[in-house]
Amino acid sequence: MVKAKSWVMTKYFDGFPKKSNFGLKVEELPEPKDGEVLLEAVFLSVDPYMRLFSKISMKEGDVMIGSQVAKVIQSKHPGFPVGSHVVSNSGWRTHTLSDGTGLTPILPEWPKDVSLSLALGAIGMPGLTAVYGIEEVLGLQKGETLLVNAAAGAVGSVVGQIAKIKGCKVVGSAGSDAKVVFLKELGFDEAFNYKTVGSLEEALRKASPEGYDCFFENVGGPSSFIVLQQMKNCGRIAVCGSISTYNDSEPQTGLYPYVIMIIKELKMEGFLITRWQHKHPETLRRLLAWVKEGKLQCREHVTKGFENMPAAFMGMMRGENIGKAVVAV
């Protein structure tokens, strides 16, 4: 018998998450049956989507949703030997019994000197999001100019680097001077701190006077309306997230940019990576190759200790992380 810990959402979030929204639960798990494995979490992910989907796919008392890199510590399943590692959507749990459904083995060619935590970041869901947003939604072409906001985050930092690999000009918006320095280190052509610029409109125009072919949207809210005014004709927008609105108690009504979209003939498309699930293995191998070649740099904000999951999540929602936020058990 294994004592498993899990964090549950005790009450729906109202505004910004609080410590009182989370409760720690302990239970004993039985031995695996035939066809089952027992997983032990090694790294866990905290991501903005958890705040959004807590409203959509969870009820009070449910274990918090999320992915983790886990080690197989007991196995009665031929496909998952003891000692192997997988990515699992087990949520905020230290241990999980699984029949193997939904488990993704770590790529067999994964180098020993690359942390498995990257399977939750640049070589995982955020990396897949960046690739599909750029290639499938935006159709980004060499020589074009791309704007990405929340650019120092898990997705945005990968978006900018892939755009540079493809030969594009990249402008990034972030929320601190330290994050701007980070973006410059990654090779962004222009970067600015949206919290300190006098005018977002002027900052965007200064960074790219000719306008923007593509916009990778992670933030949402009124700032997006300003961006649309500086898109080039027939520009494309990939809507990945809207983190500035996730903690709103009441939905924003905001501005309606239809006239701008008509006049400029803009294309805007929201997306989820599940649409291209059949491409995941090949895409993950491409991301891993870029990391091994030094073309894709990965920074992580690591919090130690399963007991600190809520604090790590709330810190990420406040923008304290540079790069991917993960928890090491």
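Because the structure is predicted, anything quoted here is derived from the model rather than measured.
Minimum heavy-atom separation, G83 to K71: CA-CE, 4.0 Å. The nearest pair of heavy atoms linking A328 to V302 is CB-CG1, 4.0 Å. Here the shortest heavy-atom pairing between S157 and F182 reads CB-CE2, 4.0 Å. Minimum heavy-atom separation, C240 to V155: SG-CG1, 4.4 Å. Here the closest heavy-atom approach between residue E210 and residue T145 is recorded as OE2-OG1, 3.5 Å. Nearest heavy-atom pair across A238 and V137 is CB-CG1, 3.7 Å.
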Given ring pair (Phe, Tyr, Trp, His ring centres under 6.0 Å), test Y132 with H280 step by step and report yes or no.
CA-CA 10 Å; Y132 299 144; H280 284 5; 5.7 Å; yes
What's the verdict on salt bridge (charged side-chain N to carboxylate O under 4.0 Å, His left out) for K206 and E202, showing C-alpha distance, side-chain angles and the deciding distance?
CA-CA 6 Å; K206 180 180 178 182; E202 291 177 7; over 6 Å; no
Show your working on side-chain contact (heavy atoms from CB on, under 4.5 Å) between V171 and Y212 and close with a plain yes or no.
CA-CA 9 Å; V171 177; Y212 298 89; 3.8 Å; yes
Trace of the side-chain contact (heavy atoms from CB on, under 4.5 Å) decision for L296 with L287:
CA-CA 8 Å; L296 185 58; L287 289 162; 4.0 Å; yes
Checking W276 against F271 for the side-chain contact (heavy atoms from CB on, under 4.5 Å) test, could you report, in this order, the C-alpha distance in whole Å, the side-chain angles of both residues, the deciding distance, and whether it holds?
CA-CA 10 Å; W276 301 282; F271 70 100; 3.8 Å; yes
Before giving the answer on salt bridge (charged side-chain N to carboxylate O under 4.0 Å, His left out), spell out for K232 and D213 the whole-Å C-alpha distance, their side-chain angles and the decisive distance to 0.1 Å.
CA-CA 5 Å; K232 295 181 182 180; D213 299 285; 3.3 Å; yes
Could you give me the CA-CA distance, side-chain angles and deciding distance for F22 and F313, then say whether side-chain contact (heavy atoms from CB on, under 4.5 Å) is met?
CA-CA 11 Å; F22 305 96; F313 175 65; 3.8 Å; yes
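In this structure, K179 contributes its side chain and G319 its backbone to a donor-acceptor pair below 3.5 Å. Put simply, the side chain of D99 gets close to the backbone of T101: a donor and an acceptor are under 3.5 Å apart. Listed for the E250 side chain is no donor-acceptor partner under 3.5 Å among the backbone atoms of D248. In this structure a side-chain-to-backbone donor-acceptor pair under 3.5 Å is missing from E217 to S224. N21 places no side-chain N or O within 3.5 Å of a backbone atom of P17 that could act as its donor or acceptor partner. With hydrogens and angles disregarded, a donor-acceptor distance shorter than 3.5 Å links the side chain of S244 to the backbone of V219. The backbone N or O of G91 lies less than 3.5 Å from a partner atom in the side chain of Q68, making a donor-acceptor pair. Checking side-chain atoms of S84 against main-chain N and O of F80 turns up no donor-acceptor pair under 3.5 Å. Put simply, the side chain of Y194 never gets that close to the backbone of S176: no donor and acceptor are under 3.5 Å apart.
Counting only N and O atoms by type, the side chains of D14 and S249 include a donor and acceptor under 3.5 Å apart. Under 3.5 Å, the side chains of T10 and E60 contain no donor-acceptor pair of N or O atoms. No side-chain donor-acceptor contact under 3.5 Å links S199 and E201. Judged purely by distance below 3.5 Å, without hydrogens or angles, the side chains of K324 and S45 pair a donor atom with an acceptor atom. Side-chain atoms of T96 and S98 include no donor-acceptor pair closer than 3.5 Å.
L118 and M316 fall within a single hydrophobic cluster, where Ile, Leu, Val, Met, Phe, Trp and Tyr side chains are chained together by heavy-atom contacts under 4.5 Å. Clustering ILVMFWY residues whenever any of their side-chain heavy atoms sit less than 4.5 angstrom apart, transitively, puts V82 in a cluster other than the one holding L116. At a threshold of 4.5 Å between side-chain heavy atoms, the hydrophobic network of Ile, Leu, Val, Met, Phe, Trp and Tyr places I243 and Y49 in one connected group.
Counting heavy-atom neighbours within 6.0 Å of K33 NZ, excluding the residue itself, gives a total of 12 or less. The number of heavy atoms from other shown groups lying within 6.0 Å of NZ (K11) does not exceed 12. The environment of CG in L272 is sparse: at most 12 heavy-atom neighbours from other residues, nucleotides or ligands sit within 6.0 Å. Heavy-atom contacts from other residues, nucleotides or ligands closer than 6.0 Å to CD of E269 number more than 12. At most 12 non-hydrogen atoms from other residues, nucleotides or ligands lie less than 6.0 angstrom from NZ of K295.
Between F306 and W92, the ring center distance fails the sub-6.0 Å criterion.
The shortest distance between side-chain heavy atoms of V69 and V86 does not fall below 4.5 Å. Within the 4.5 Å cutoff, the side chain of H95 has no heavy atoms near those of the E27 side chain.
Atom CD of Q230 is separated from atom NZ of K264 by 8.5 Å, given to the nearest 0.5 angstrom. The distance from the CZ atom of F216 to the CD1 atom of I162 is 8.5 Å, given to the nearest 0.5 Å. Between F53 atom CZ and R51 atom CZ the span is 13.0 Å, to the nearest 0.5 Å. Note that the NZ atom of K142 and the SG atom of C168 stand 9.5 Å from one another [nearest 0.5 Å]. Between I65 atom CD1 and L52 atom CG the span is 8.5 Å, to the nearest 0.5 Å. A distance of 8.0 Å separates CG of L146 from CZ of F188, quoted to the nearest 0.5 Å.
Ion pair K279/E135 not flagged as a salt bridge, since none of the NZ, NE, NH1 or NH2 atoms sits closer than 4.0 Å to an Asp/Glu carboxylate oxygen. E136 has no carboxylate O lying under 4.0 Å from a charged side-chain N of R236, or vice versa, which leaves the two without a salt bridge. Between R93 and E40, no side-chain nitrogen of the basic residue sits less than 4.0 Å from a carboxylate oxygen of the acidic one, so the salt-bridge criterion is not met. One finds a salt bridge joining R285 and E109 here, because a Lys/Arg side-chain nitrogen approaches an Asp/Glu carboxylate oxygen to under 4.0 Å. A salt bridge links K164 with D189; the closest basic N to acidic carboxylate O contact falls under 4.0 Å.
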